[in-house]
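Note that this is a predicted model, so its numbers are computed, not measured.
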Amino acid sequence: MSSLAVSQAEPVAGTAPGTAQGRPPLRRRIALIPTVTLFLGAVYCLLPVAWVVIAATKSGSELFSTFTFLPGTGFADNFRDLSAYRDGVYWSWMGNSALYAGLGALLSTCVSAFSGFALAIYRFRGRETIFNVLLAGVLMPPVILAIPQYLLLAKADLTDSYLSVLLPQILSPYGVYLARIYAAAAVPADVVEAGRMDGASEWRIFTRIALPMMIPGMVTVFLFQFVAIWNNFLLPYIMISDDEKFPITLGLFTLLEQGANTPALYTLVITGAFLAVLPLVALFLVIQRFWSLDLLSGAVKS
């Protein structure tokens, strides 16, 4: 009887203790839920991108007659037609987007770095009030600010110009917020005080000591601003009427509107959308190495 009880208590071969017929424990099955959720989210986000990539390879006849995710043979023709459309106006739109996003993100990053460092390091009256106002700006939808910005720039006679798109993008409340949080964490107060004791000016302390420590955070601010300005549609739509100054988003929108009367332009819109994503991917691949920098590496090198 005792040997029979012992044999019944032993687990079946190939199973783990506490499981039924080799099924994984409940905790392990629950741990798979975040992985499955992330996988479904990735599929949801990447599926439209895959459709654009595949649709850009199709000719006008293949676009509406073949299976959705079956590659076509017309990418080279689509590229040539897009480049030849209105004497290459598409590449003018790409250049305008590069100007708006590149210069705007650079200026915004500089302003965010200055402001974030000042709010994190210096103690002055009204500092928290200013920071709370910036936080309110983070919560403010851009669509609410578009019309007031247009009226303000119209008073200054700056509408329908490159500055009308650049100037509203320079101050980013979210960028200042990130810069302040990052500066408070990455720039020790002892290092700043040591620089002052050595006779360094405040500008030298910022440029030679604090800024190298803040580079990974500022790269993040630059990337966020670049992507936001590159994808911005509403502000250029309100500010600019000359299509030679359109960014790529507004230019593709005008092509799409014309496609209602000229279906052949749909392939140009899709190919243009595919090409417009490539600079963002390239930028991310180029600057992602800065995120792995040590917070104090810049100060040690300087």
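- Residues Thr57 and Thr73 fail the side-chain proximity criterion, which asks for heavy atoms closer than 4.5 Å.
- Here the side chains of Ser92 and Lys245 are not in contact, with every heavy-atom distance at 4.5 Å or above.
- Closest non-hydrogen pair, Ala186 versus Pro188, comes out as O-CD, 3.3 Å.
- Cluster membership for Phe67 and Tyr266, using ILVMFWY side-chain heavy atoms within less than 4.5 angstrom, is shared.
- Applying the salt bridge (charged side-chain N to carboxylate O under 4.0 Å, His left out) test to residues at least two apart or on different chains, the pairs with a partner in residues 76-85 are Asp77-Arg80.
- Of the possible polar contacts, none joining the Ser97 side chain to the Met94 backbone as a donor-acceptor pair under 3.5 Å is found.
- Considering only heavy atoms from C-beta on, Glu128 stays 4.5 Å or farther from Leu119 through its side chain.
- Contact of the Trp93 side chain with the Leu255 side chain is registered, since non-hydrogen atoms from C-beta on lie closer than 4.5 Å.
- Around the CZ atom of Phe233, the shell of radius 6.0 Å holds more than 12 heavy atoms that belong to other residues, nucleotides or ligands.
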Checklist entry - Leu275 and Ile248: side-chain contact (heavy atoms from CB on, under 4.5 Å), yes or no, with the steps? => result CA-CA 10 Å; Leu275 295 176; Ile248 191 63; over 6 Å; no
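- With respect to Val143, the side chain to side chain contact (heavy atoms under 4.5 Å, CB included) criterion is satisfied by exactly one of Ile238, Leu234, Leu235: Leu234.
- Within the 3.5 Å criterion, the main-chain N or O of Ala200 finds no donor-acceptor partner in the side chain of Asp198.
- What you find for Pro212 and Pro216 is that their closest heavy atoms are O-CD, 4.4 Å.
- With a 4.5 Å cut-off on side-chain heavy atoms, Ser83 and Trp91 count as touching.
- A cation-pi arrangement is absent between Arg180 and Phe117 under the rule of less than 6.0 angstrom and at most 45 degrees off the ring axis.
- Between Leu163 and Leu153, the closest side-chain pair of non-hydrogen atoms is not below 4.5 Å.
- Closest of all the heavy-atom pairs between Met239 and Ala146 is CE-O, 4.5 Å.
- For residues 154-170, no residue pair satisfies the salt bridge (charged side-chain N to carboxylate O under 4.0 Å, His left out) rule, not counting sequence neighbours.
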Item to check | From CA spacing to verdict: side-chain contact (heavy atoms from CB on, under 4.5 Å), Thr159, Ile240 | outcome: CA-CA 7 Å; Thr159 55; Ile240 301 176; over 6 Å; no
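- Residues Leu252 and Tyr90 are in side-chain contact: their nearest non-hydrogen atoms beyond the backbone lie under 4.5 Å apart.
- Counting non-hydrogen atoms of neighbouring residues, nucleotides and ligands closer than 6.0 angstrom, the CZ atom of Phe124 exceeds 12 such neighbours.
- Clustering ILVMFWY residues whenever any of their side-chain heavy atoms sit less than 4.5 angstrom apart, transitively, puts Leu152 in a cluster other than the one holding Ile144.
- Evaluation of the side-chain contact (heavy atoms from CB on, under 4.5 Å) rule for Leu139 yields no partner, not counting sequence neighbours.
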Next on the checklist: Between Val221 and Tyr177, does the side-chain contact (heavy atoms from CB on, under 4.5 Å) criterion hold? Intermediate values first, please.
Outcome noted: CA-CA 10 Å; Val221 172; Tyr177 168 76; over 6 Å; no
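- Sequence neighbours left out, not one pair with a member in residues 55-71 passes salt bridge (charged side-chain N to carboxylate O under 4.0 Å, His left out).
- A 6.0 Å sphere centred on CZ of Arg196 holds more than 12 heavy atoms belonging to other residues, nucleotides or ligands.
- A donor-acceptor pair under 3.5 Å is absent between the side-chain atoms of Ser59 and the main chain of Gly74, judged by distance alone.
- Although no hydrogens or angles enter the test, the distance criterion places a donor-acceptor pair under 3.5 Å between the side chain of Arg123 and the main chain of Ile121.
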Next on the checklist: Using side-chain contact (heavy atoms from CB on, under 4.5 Å), reason through Phe39 and Thr35 one step at a time and then give a plain yes or no.
Outcome noted: CA-CA 6 Å; Phe39 175 77; Thr35 303; 5.6 Å; no
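- You'll find the side chain of Val192 stays beyond 4.5 Å of the side chain of Ile209, heavy atoms only.
- Residue Tyr85 places its OH atom among more than 12 non-hydrogen atoms of other residues, nucleotides or ligands, all under 6.0 Å distant.
- Ring geometry for Trp230 against Phe226 counts as parallel: the plane angle stays under 30°, on a 0 to 90° scale with 60° as the upper cut.
- In the hydrophobic clustering of ILVMFWY residues, with side-chain heavy atoms under 4.5 Å counting as a link, Leu46 and Val53 come out apart.
- The aromatic rings of Phe274 and Phe75 sit perpendicular, their planes meeting at an angle over 60°, well past the 30° parallel limit.
- Put simply, Tyr44 and Leu47 are part of two different groups of oily side chains (I, L, V, M, F, W, Y) that touch within less than 4.5 Å, one to the next.
- The neighbour count for Asp87 CG, taken as heavy atoms of other residues, nucleotides or ligands under 6.0 Å away, does not exceed 12.
- Under a 3.5 Å cut-off, the side chain of Tyr100 and the backbone N or O of Ile229 do not form any donor-acceptor pair.
- Neither Val133 nor Met140 shares a network with the other; the hydrophobic side chains, linked directly or stepwise wherever heavy atoms of I, L, V, M, F, W or Y lie under 4.5 Å apart, form separate groups for each.
- Residue pairs meeting the side-chain hydrogen bond (donor to acceptor under 3.5 Å, both in side chains) criterion with at least one partner in residues 102-119, sequence neighbours excluded, are Ser108-Gln225.
- Residue pairs meeting the salt bridge (charged side-chain N to carboxylate O under 4.0 Å, His left out) criterion with at least one partner in residues 91-109, sequence neighbours excluded, are absent.
- Atom OH of Tyr162 is surrounded by more than 12 heavy atoms from other residues, nucleotides or ligands within 6.0 Å.
- Using a distance-only test at 3.5 Å, with no hydrogens or angles considered, no donor-acceptor pair links the side chain of Thr271 to the main chain of Leu268.
- Phe246 and Phe253 have their aromatic ring centers separated by at least 6.0 angstrom.
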